[in-house]
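Residues: numbered from 1 along the sequence shown.
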Amino acid sequence: MTPLDHMIILPVILPAMTAAFLVLALRHHLKGQRTVSIVVTALLLGIATFLFAQASDGTVRAYRLGDWPAPYGITLVLDRLSATLLLLTAVLALCVAVYAAGGVDGRGRHFHPLFQFQLMGINGAFLTGDVFNLFVFFEVMLIASYGLMLHGGGPARLKAGFQYVAINLLASVVFLVGVGLIYAVTGTLNMADLAMKVPQVAEADAAVLKTGALLLFLVFATKAALVPLHWWLPATYAGTSAPAAALFMIMTKVGAYAIIRVYGLVFGAGAGPLALAAAPFVIPAALVTLGVGAIGLVGSRTLRDLSAFAVIASMGTLLVAIGLFDTAGLSAGLYYLVHSTLAGAALFLIAGLVQEQRGAASDRLVPAPAMAGETLLGGLFFLAAIALVGLPPLSGFLGKVMILKAAQAAAIWPWIWALILAASLVMTFGFARAGSVLFWASGPASESRAPPALPLAAVVLLLGLTVAWTLAAGPATDGLQLTARQALDRSAYIGAVLGPDVRLATGN
């Protein structure tokens, strides 16, 4: 292997080593932590860009730790899908690190080490080729996200943190039970090896294996905030700091990614009697999730609550596309995934700025004295709102049009069209109500200072990227169609991990 071949593991080990260094060497030096964290995150962005360019040639690359052959050793796998999400994570993380350096990171301890450990877990989940190691990286994310959520303290965060940990610990137990059932039947947890063995499982063992598969779906649905497993998200995202909530935007996408990977590869169209085991549940649950998110958004009393319910609604829309389990649906869903991550993170960061500027009124949707920088914040909120609602001309509109077009192949397409369009109308009303109260119904100007430069720069960058994603819709959708086709191609993944001879033997 050449040195460049080892780049695949860097998104996992670089943040892990950085986090340890920050704790051991810079524990009491916040400025030093900020500098190192931003520089390392920028380096991660460069690495992710390189890996994305590598994956763009259409080759699936397997990295075997210790040179142990699959399925016996730990394997990382880089393809178009994982590379796309690595790049998105790095872009989001850099914006969040810049925002936090504006002062939020100084309100508690160890923000930047926890931030780096969180990146380790997220990147590992996107790269792992093993179901058990997916569980391990989920746990790394859980531990780090709990620390980030509580950063700054306060009873509200402690209460939300308890709920968050409780539901995720329960999900971890279910994950282990599901993994145990799958291993008991197949004798492996390597995803490529599972994709080979699942179609060959004896009929007598199929029920046990399907039980394991559906238990895993419950875990992934919890991470992706699918109704009725969504209830932890509003309190968690609204209760934490703005940069932590913005970073958490990618965590729900880890749940969506796990559904794509496991139920597109292991239990995909070529899995015999267990083909598309979770497919009957995804779209119905996604449609209910979309409705709950839209209704919750209208009923929100704070801007942070509104942002959290906007995340739930966007996840419902995304999972409708993923639930089609075809190239058109998945490519549309991936375009919308990138859009919703950038726009949703921007909205949480705007909510943080509004909360700081309004003093005692915080981000509650009640009239208050005019803020310093109100015109600028109002303009940024307007852009984030039309992006998340899906109004033209931004990428949210394009993404929803793509999803509606892809959904025409589904038997229940009238329901999908009706609920997506109705939810968009309801969300428009909710955002209009919030914006009018926050920026138009204000009283005499307060004495608040102008919003700080670094947090504003992070918000502007995220919204600028949303606009850029709109302008790049043509080439982006072409590339994402290739990404979706590769993600659903079992033979390419199996061949890369287990060898080309095995790929030829599978025939699909």
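Among all heavy-atom pairs drawn from A42 and L94, the shortest one is N-CD1, 4.0 Å. Nearest approach of T188 to L194, heavy atoms of both residues: O-CD2, 3.4 Å. The heavy-atom pair separating Q33 from L26 by the smallest distance is NE2-O, 2.7 Å. Counting all heavy atoms, side chain and backbone alike, A100 lies closest to D105 at O-OD1, 2.9 Å. Nearest approach of R80 to D57, heavy atoms of both residues: NH2-C, 4.2 Å. For the pair A48 and A90, the tightest heavy-atom approach, listed with the atom from each and the gap, is CB-CB, 4.1 Å.
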Residues T59, R61; criterion side-chain contact (heavy atoms from CB on, under 4.5 Å); working and verdict | CA-CA 6 Å; T59 303; R61 292 172 171 82; 3.8 Å; yes
When you look at L78 and V60, which way does the side-chain contact (heavy atoms from CB on, under 4.5 Å) test go after all the steps?
-> CA-CA 6 Å; L78 179 74; V60 180; over 6 Å; no
For Q481 and T327, what are the C-alpha separation, side-chain angles and deciding distance, and is it a side-chain hydrogen bond (donor to acceptor under 3.5 Å, both in side chains)?
-> CA-CA 7 Å; Q481 284 178 355; T327 300; over 6 Å; no
Under the side-chain contact (heavy atoms from CB on, under 4.5 Å) criterion, do V12 and F137 qualify, and how do the steps go?
-> CA-CA 10 Å; V12 179; F137 286 119; 4.0 Å; yes
For the pair S37 and Q116, evaluate side-chain hydrogen bond (donor to acceptor under 3.5 Å, both in side chains) and give the outcome as yes or no after the intermediate values.
-> CA-CA 8 Å; S37 185; Q116 293 295 328; 3.1 Å; yes
Mind running side-chain contact (heavy atoms from CB on, under 4.5 Å) on D205 and V201 for me, showing each step along the way?
-> CA-CA 7 Å; D205 295 327; V201 168; 3.7 Å; yes
Using the side-chain hydrogen bond (donor to acceptor under 3.5 Å, both in side chains) rule, take S424 and K400 through it: C-alpha gap first, then chi angles, then the decisive distance, then the call.
-> CA-CA 10 Å; S424 297; K400 286 190 176 181; 2.8 Å; yes
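Side-chain N or O atoms of T477 include one that pairs as donor or acceptor with a backbone N or O of A473 at under 3.5 Å. Between the side chain of T289 and the backbone N or O of V227, at least one donor-acceptor pair lies under 3.5 Å. The closest donor-acceptor contact from the side chain of N123 to the backbone of P11 lies under 3.5 Å. With hydrogens and angles disregarded, no donor-acceptor distance shorter than 3.5 Å links the side chain of S395 to the backbone of T470. Under a 3.5 Å cut-off, the side chain of Q486 and the backbone N or O of G58 do form a donor-acceptor pair. Here the side chain of D130 pairs a donor or acceptor atom with the backbone of N133 at under 3.5 angstrom. Between the side chain of T128 and the backbone N or O of G124, no donor-acceptor pair lies under 3.5 Å. Although no hydrogens or angles enter the test, the distance criterion places no donor-acceptor pair under 3.5 Å between the side chain of R261 and the main chain of A487. Distance alone, capped at 3.5 Å, places no donor-acceptor pair between the W232 side chain and the G161 backbone. T466 places a side-chain N or O within donor-acceptor distance of the main-chain N or O of L462, the cut-off being under 3.5 Å.
Under the 4.5 Å side-chain criterion, counting only non-hydrogen atoms from C-beta, L51 is in contact with I47. Counting heavy atoms from C-beta outward, T89 and T341 have side chains that stay 4.5 Å or more apart. Put simply, the side chain of H151 does not reach to within 4.5 Å of the side chain of P243, judged on heavy atoms. Using a 4.5 Å cut-off on side-chain heavy atoms (C-beta onward), L324 and L330 make no contact. Between L214 and L218, the closest side-chain pair of non-hydrogen atoms is not below 4.5 Å. In this structure, L229 and K223 have side chains that are not in contact, with every pair of non-hydrogen atoms separated by 4.5 Å or more. A heavy-atom distance below 4.5 Å is not found between the side chains of V131 and I182. A 4.5 Å side-chain heavy-atom check between M141 and V254 finds at least one atom pair inside the cut-off.
Side-chain rings of Y164 and Y146 stay apart, their centers remaining 6.0 Å or farther from each other. Proximity of the aromatic rings of Y63 and H6 is defined here by a centroid distance below 6.0 angstrom, and this criterion is met. Checked against a 6.0 Å centroid threshold, the rings of F175 and F138 count as neighbours.
Distance CG/L44 to CG/L14: 5.0 Å, rounded to 0.5 Å. How far CG of N190 is from CD1 of I74: 11.0 Å, rounded to the nearest 0.5 Å. Annotation: the span from H112 atom NE2 to L148 atom CG amounts to 10.5 Å, rounded to 0.5 Å. Here OG of S331 is found 12.5 Å from CG of L337. Values are rounded to the nearest 0.5 Å. The distance from atom CE of M315 to atom CE of M249, rounded to the nearest 0.5 Å, is 8.5 Å. Rounding to the nearest 0.5 Å places CZ of R64 at 10.0 Å from CD1 of I8.
Within a 6.0 Å sphere centred on CG of L10, heavy atoms belonging to other residues, nucleotides or ligands number more than 12. In W415, the CH2 atom is not crowded: 12 or fewer heavy atoms of neighbouring residues, nucleotides or ligands sit closer than 6.0 Å. Annotation for K210: atom NZ does not count as buried by contact number, only 12 or fewer foreign heavy atoms lying within 6.0 Å. Shown here is E203, whose CD atom has no more than 12 heavy atoms of other residues, nucleotides or ligands within 6.0 Å.
Ring pair F132/F135 is tilted by interplanar angle, where 30° to 60° counts as tilted. Ring pair Y263/F220 is perpendicular by interplanar angle, where above 60° counts as perpendicular and below 30° as parallel. Taking the six-membered ring for Trp and thresholds of 30 and 60 degrees, H339 and Y336 have ring planes inclined between 30 and 60 degrees apart.
In summary, D489 and R485 do not engage in a salt bridge, as defined by a charged side-chain N under 4.0 Å from a carboxylate O.
A side chain to side chain contact (heavy atoms under 4.5 Å, CB included) with L127 is found for exactly one of V77, L86, I122, namely L86.
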